[in-house]
Amino acid sequence: MAETRTTSRVGLFVELRKRLKTGMLIIGKDLVNDPTEVSVAGGDGSLDISTAHGLLSLALPAGVSLEPGSCVQTAACDEELHFRMRINVDQSTDDEGIGSPIERLQTKDSYCFHCQGCRTRLLDDRVFQRVLPLPNGNWNAIVDDWCCHPDPFANLKLLPRAQDCLLGDTFFLLTRDASCQDTLMEEVIDAGTDASQDPKKSCRRLVSSISCQSCSAVLGEALAPDSLKFYITQVVVDLTVGGSQVEAAVSRSLFLEQSVAARMLELSNTLSVFHFAIQTPDEKPFLLIWLLNTDSVMASVAEASVRQVDGSVSPGPEEADGECLSSQARPALKLLWIVCSDEGFAQREIVGSWESNAIGHPLILPLPVCEELLQAMEDTNDLLPSVLRHMRSYQVSYLRL
């Protein structure tokens with residue numbers, strides 16, 4: 001059975017839909033004795049929610065604002081009050097985030113690659129003459145439809161040449177240079193049974209793991225003596241001149257969410273795919289994700305934080321006046337997801353259906369990163385009101401862009 005998680009009580013939850021120009025507000029009943037105590041107004045780039053505990057101001061993305069007088073109560077249950085509202089969206093300022101480095105890399109520009117864990121510079125001044133996409137997903141499964149003779153790509157690896165950068169769905173392929181000896185470590189590890197081999201035969205998969213010398217974080221693999229694979233969740237790519245100087249303030253959890261969410265959004269827009277199978281490098285499915293909404297703006301505030309404004313809980317330095325609590329509403333992807341190892345009957349049926357019909361577009365990540373992503377999904381699920389945490393047999397989460 002799935003392990004029961006301890007969740008905090010959600011005091012206030014907001015989801016705005018930019019395409020539909022609608023919004024939903026949910027407030028815990030423990031914070032509101034009477035619905036008439038709630039008032040919602042639109043400030044300058046903010047959504048101001050007033051309750052008996054004080055004022056909560058949510059900063060909104062540029063171009064998003066509340067339509068005055070549109071917030072009305074729609075429902076009430078044992079634990080929560082529900083409100084609906086309309087919003088205005090300035091399309092000229094609509095921004096779905098900065099995108100992933102896979103979409104931003106260009107030829108002729110000079111890039112540096114940093115370890116995301118410790119910000120150590122791994123590769124200096126890389127200028128690519130060719131930036132080329134690799135075939136998507138399980139492309140080799142349909143080679144027979146392309147060729148009238150035996151698979152010419154069997155047992156061949158697609159490797160970069162000097163000054164190449166080859167782009168997979170979740171990784172870069174680069175050539176190694178002399179500086180790698182000072183920044184990278186290589187170790188041959190046992191990566192488990194090779195799923196592509198005969199299951200009746202015992203065949204262990206050995207890989208040359210590449211790690212950061214400074215912090216030992218796993219970055220990717222060495223596919224050949226002079227070729228490196230870096231996963232997008234493990235490195236930060238920045239312009240040598242005029243870059244962002246590596247966002248030191250971005251937490252690991254937020255970086256992971258943004259990296260995966262940006263890639264799913266890009267693949268959804270370019271390939272019209274909405275189902276993703278997060279897999280380990282041995283092609284074993286770990287998570288199944290159904291992309292539901294791409295236009296959401298959401299914020300969730302714990303009940304204890306909302307109570308800060310009347311002194312029930314000691315406020316942090318940013319809320320020291322005890323009158324107003326500030327928070328940020330962020331663009332996010334709304335996802336339905338299932339853990340492939342879930343033993344529930346309904347979940348096993350869904351996993352079997354996805355696998356037999358090859359529904360999910362594969363996204364390959366190292367096993368530790370898959371586990372980190374699962375933790376991030378569980379954490380965001382815990383931030384939702386109880387009525388929104390599940391949809392049929394799926395769990396619901398939001399990944400920040």
Side-chain angles (χ1 to χ4, degrees), residues 2-18 23-28 47 56 58-61 79-80 82 96-98 100 116 170 232-233 249-265 267-268 274-278 286-306 325 327-342 347 360 363 365 368-401:
E3 181 181 351
T4 302
R5 304 195 304 268
T6 302
T7 60
S8 59
R9 294 176 64 89
V10 177
L12 184 146
F13 174 81
V14 173
E15 181 186 14
L16 309 179
R17 297 287 309 280
K18 292 192 289 185
M24 170 177 61
L25 167 64
I26 298 177
I27 301 178
L47 186 68
L56 173 66
L58 294 177
L60 299 178
E79 298 180 356
E80 299 145 352
H82 293 231
E96 293 181 325
I98 60 174
S100 75
Q116 195 278 324
T170 57
I232 61 170
T233 57
V250 176
S251 68
R252 170 61 182 168
S253 178
L254 178 57
F255 180 84
L256 177 61
E257 285 186 50
Q258 290 178 326
S259 299
V260 175
R263 276 311 283 153
M264 287 197 294
L265 180 59
L267 291 167
S268 176
F274 303 94
H275 298 82
F276 298 91
I278 306 298
F286 186 89
L287 270 175
L288 303 181
I289 297 177
W290 185 350
L291 178 54
L292 203 59
N293 298 339
T294 63
D295 64 333
S296 293
V297 175
M298 64 84 66
S300 181
V301 183
E303 179 181 303
S305 297
V306 177
L325 175 68
S327 188
Q328 178 77 39
R330 301 183 61 104
L333 301 184
K334 185 176 183 179
L335 311 171
L336 306 182
W337 56 277
I338 281 180
V339 184
C340 293
S341 60
D342 197 312
Q347 285 78 6
L363 295 179
L365 294 171
V369 179
C370 292
E371 293 170 344
E372 283 185 272
L373 180 61
L374 173 59
Q375 184 62 57
M377 303 277 275
E378 290 178 342
D379 290 344
T380 58
N381 180 265
D382 293 343
L383 294 174
L384 302 180
S386 57
V387 296
L388 299 183
R389 289 177 182 165
H390 296 86
M391 186 176 293
R392 295 187 177 178
S393 299
Y394 293 88
Q395 295 191 72
V396 181
S397 289
Y398 291 77
L399 285 188
R400 294 168 286 182
L401 287 165

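Throughout, numbering of the chain's residues begins at 1 and tracks the sequence. Being a predicted model, the structure only gives us computed values, none of them experimental.
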Enquirer: Please determine whether side-chain contact (heavy atoms from CB on, under 4.5 Å) holds for the pair E15 and N293, giving the CA-CA distance in whole Å, both sets of side-chain angles, and the decisive distance to 0.1 Å.
Expert: CA-CA 11 Å; E15 181 186 14; N293 298 339; 3.7 Å; yes
Enquirer: Starting at CZ of R17, measure out to CE of M24 and round the result to the nearest 0.5 Å.
Expert: 9.5 Å
Enquirer: May I ask you to check whether Y394 and W290 place their ring centers less than 6.0 Å from one another?
Expert: yes
Enquirer: Indicate whether any N or O donor in one side chain lies under 3.5 Å from an N or O acceptor in the other, for S393 and Q347.
Expert: no
Enquirer: Go through the steps for Q395 and E378 under the test side-chain contact (heavy atoms from CB on, under 4.5 Å), then give the verdict.
Expert: CA-CA 9 Å; Q395 295 191 72; E378 290 178 342; 5.5 Å; no
Enquirer: Hey, what do you get for CG (L365) to CD (E371), rounding to the nearest 0.5 Å?
Expert: 12.0 Å
Enquirer: Among L333, L267, L336, find the residue that satisfies the side-chain contact (heavy atoms from CB on, under 4.5 Å) test when tested with L291.
Expert: L333
Enquirer: State, to 0.1 Å, how close L373 and L256 come at their nearest heavy-atom pair, and which atoms those are.
Expert: N-CD2, 3.6 Å
Enquirer: Report yes if some heavy atom in the side chain of L399 is under 4.5 Å from a heavy atom in the side chain of Q258; otherwise report no.
Expert: no
Enquirer: Minimum heavy-atom separation for G23 to L16, with atom names?
Expert: CA-CD2, 3.7 Å
Enquirer: Kindly compute the distance separating CG (L363) from CD1 (I289), expressed to the nearest 0.5 Å.
Expert: 7.5 Å
Enquirer: At their closest point, which heavy atom of A299 faces which heavy atom of A329, and how far apart are they?
Expert: CB-CA, 3.9 Å
Enquirer: If you measure from CG on L383 to OH on Y398, what distance do you get to the nearest 0.5 Å?
Expert: 11.5 Å
Enquirer: Can you check whether L265 reaches R263 side chain to side chain, under 4.5 Å on heavy atoms?
Expert: no
Enquirer: Are P331 and R400 close enough that some pair of their side-chain heavy atoms sits under 4.5 Å apart?
Expert: no
Enquirer: Any donor and acceptor pair, going by atom type alone, linking the side chain of T380 with main-chain N or O of S397 inside 3.5 Å?
Expert: no
Enquirer: Is the shortest heavy-atom distance from the side chain of F13 to the side chain of E80 under 4.5 Å?
Expert: no
Enquirer: List the steps and the verdict of side-chain contact (heavy atoms from CB on, under 4.5 Å) for V396 and R389.
Expert: CA-CA 5 Å; V396 181; R389 289 177 182 165; 5.9 Å; no
Enquirer: Measure the CE-CH2 distance between M377 and W337 for me, rounded to the nearest 0.5 Å.
Expert: 6.0 Å
Enquirer: Would you call V297 and K18 a side-chain contact if the rule is heavy atoms closer than 4.5 Å?
Expert: yes
Enquirer: Between L288 and C340, is the side-chain contact (heavy atoms from CB on, under 4.5 Å) condition met? List the steps.
Expert: CA-CA 7 Å; L288 303 181; C340 293; 3.7 Å; yes
Enquirer: For a 4.5 angstrom cut-off between non-hydrogen side-chain atoms, does M264 reach S100?
Expert: no
Enquirer: So do the side chains of E257 and L401 get within less than 4.5 Å of each other, counting heavy atoms only?
Expert: no
Enquirer: How about M298 and V14: do any of their side-chain heavy atoms sit closer than 4.5 Å?
Expert: no
